Structure formats: C-alpha cells, structure tokens
Amino acid sequence: MAFPNPSTVSIGLKKAAHVGIAVSDLDRSVAFYQALLGAEPVVRDERMHGAGFAQSQGLPTTKLRYATFNLDNLGIDLIQFQEPVGDTAQVAANRPGSMHLCFHVDDVRAVYGRMSEAGFEFLGQPYTFASGEVEPPAAVGTSVAYFNDPDGTNLEIIAPKGGFARSE
C-alpha cells in the first residue's frame with residue numbers, strides 16, 4: 001500500500017466527528033455504554049443498508065443496526081453488522097491495528113473505585129507514571145486505568161498531566 005509523502009501533501013484534518021465501534025449485540029453494548037456514560041443514546045436501533053453503502057466500506061453487502069452516544073467532544077457509534085456478520089477481532093493493546101478510546105477524568109482512582117463497585121472489570125490496577133517512565137517529563141503524575149467493553153474494545157480512563165494534557 002502506497003502512502004502520500006507528508007513533505008508534499010497536507011490534507012489538514014483537524015476535528016473528529018465520531019468513533020465507530022463494531023459490536024456483536026447492539027442492545028448489550030447500548031446498556032454497557034449507558035452505564036459507563038450515564039446518558040441515553042441520541043439515536044437507538046437505527047438501520048443502514050444498500051449496495052452503494054456496502055461498496056463504500058469495501059463490503060459485498062451491508063445491513064446494520066446502530067446507536068449513537070454524544071459526548072461533549074465526540075460521538076460514539078455502536079454498530080452491529082447483521083450482513084455480513086464479521087469475526088470477532090483479536091484485539092490487545094500491543095496488536096497493530098488495535099485502537100483504544102480514552103475518557104478524560106479528573107481522578108482515575110475515584111472513577112476506578114466507582115466503576116469497580118458498579119461491576120466494571122479492569123485489566124489491571126490504576127497506574128500513575130513516575131519520573132523516568134514517561135516523556136515528556138511534564139507528563140509525570142498522569143494516571144491511567146484500562147478496561148474492555150463487552151466485545152473487547154480497549155477503553156481507558158486518564159487524568160493527564162503536563163505533556164499529556166490537551167488544551168480545549
């Protein structure tokens with residue numbers, strides 16, 4: 001696969017609209033994200049299909065159900081492909097092509113505690129980066145915790161510091 005040369009091409013995309021997450025059971029995933037986000041989806045059990053739409057995704061046919069949640073700065077589309085039904089991805093933090101969705105929080109340990117009490121399962125304990133473990137040094141003190149949604153999508157909560165903090 002050829003890629004454009006960044007020294008001669010700059011498209012300039014600056015703003016994300018949404019992230020799409022393929023799910024195996026839309027109703028189960030909607031319930032998970034409702035509990036996680038504390039919000040109702042803005043659309044639920046909507047449908048898309050058609051040959052042109054399928055071709056735009058590189059598929060022979062497409063029939064799907066979806067729901068959308070809106071955060072303050074990003075939409076989350078949960079998409080259940082009914083045709084063609086895909087195989088479950090083998091995702092993990094270190095697998096190329098895997099991605100994660102990160103949620104900004106003020107206090108990782110407090111949110112981790114509330115989530116654990118509510119039944120969310122984490123991949124490990126919260127972690128706070130110490131001096132010498134992260135670049136830039138201003139990011140020392142950033143705390144993170146990782147968990148998965150029902151289909152294994154990697155999710156993160158972060159309380160960023162210094163170099164990881166983004167201006168709004």
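Predicted model only: the values in this text are computed from it and were never measured. The residues of the chain are indexed from 1 along the displayed sequence.
- Counting heavy atoms from C-beta on, the side chains of Asn148 and Leu155 never come closer than 4.5 Å.
- Inspection of the Ser7 and Asn5 side chains reveals an N or O donor paired with an N or O acceptor under 3.5 Å.
- Put simply, NE2 on His100 and CZ on Phe147 are 10.5 Å apart, with the number rounded to the nearest 0.5 Å.
- Between Arg28 and Pro150 the shortest heavy-atom distance is NE-CB, 3.4 Å.
- Heavy-atom minimum distance, Leu74 versus Ala16: CD1-CB, 3.9 Å.
- Aromatic ring orientation, Phe120 versus Phe32: perpendicular (interplanar angle above 60°, classes split at 30° and 60°).
- Note that CG of Asp77 and CE of Met48 are 7.5 Å apart. Values are rounded to the nearest 0.5 Å.
- The NE2 atom of His49 sits 13.5 Å away from the CZ atom of Phe81 when rounded to the nearest 0.5 Å.
- Minimum interatomic distance between Ser24 and Gln80 (heavy atoms only, all atoms of both residues): O-NE2, 3.4 Å.
- Classification of the Tyr33-Phe69 ring pair by plane angle, with boundaries at 30° and 60°, yields tilted.
- Both Phe53 and Val43 are part of a single hydrophobic cluster, where members link through side-chain heavy atoms under 4.5 Å apart.
- Residues Tyr66 and Asp45 are not in side-chain contact: their nearest non-hydrogen atoms beyond the backbone lie 4.5 Å or more apart.
- Between Tyr112 and Phe122, the ring centre distance stays below 6.0 Å.
- At a threshold of 4.5 Å between non-hydrogen side-chain atoms, the residues Val9 and Ile11 count as touching.
- Between Leu64 and Gln82, the closest side-chain pair of non-hydrogen atoms is not below 4.5 Å.
- Ser98 places a side-chain N or O within donor-acceptor distance of the main-chain N or O of Arg95, the cut-off being under 3.5 Å.
- Using modelled atom types, no side-chain atom of Asp151 and backbone atom of Thr153 make a donor-acceptor pair closer than 3.5 Å.
- Within 6.0 Å of atom CD in Gln57, more than 12 heavy atoms from other residues, nucleotides or ligands are found, so the atom counts as buried in its surroundings.
- Within a 6.0 Å sphere centred on CG of Asp106, other residues, nucleotides and ligands contribute 12 heavy atoms or fewer.
- Looking only at side-chain heavy atoms (C-beta outward), Val23 and Ile79 stay at 4.5 Å or farther from each other.
- The main-chain N or O of Leu26 is never found under 3.5 Å from a side-chain atom of Ser29 such that the two would form a donor-acceptor pair.
- A side chain to side chain contact (heavy atoms under 4.5 Å, CB included) with Ile76 is found for exactly one of Leu36, Asn70, Leu101, Thr68, namely Leu101.
- Contact between Thr128 and Ser143 at its shortest, heavy atoms only, is OG1-OG, 2.6 Å.
- Contact of the Val105 side chain with the Ile158 side chain is not registered, since no non-hydrogen atoms from C-beta on lie closer than 4.5 Å.
- No salt bridge links Asp25 with Arg65; every basic N to acidic carboxylate O contact stays at or beyond 4.0 Å.
- When side chains are defined from C-beta on, Val144 counts as touching Phe129, because their heavy atoms get closer than 4.5 Å.
- Of all non-hydrogen atoms in Val108 and Ala145, the two that sit nearest each other are CG1-CB, 4.0 Å.
- Under a 3.5 Å cut-off, the side chain of Gln55 and the backbone N or O of Gly52 do not form any donor-acceptor pair.
- Looking only at atom types and distance, the side chain of Tyr146 has a donor-acceptor partner in the side chain of Glu156 under 3.5 Å away.
- Using a 4.5 Å heavy-atom cutoff, the side chains of Val30 and Arg44 are in contact.
- Atom NZ of Lys63 is separated from atom CD of Glu83 by 5.5 Å, given to the nearest 0.5 angstrom.
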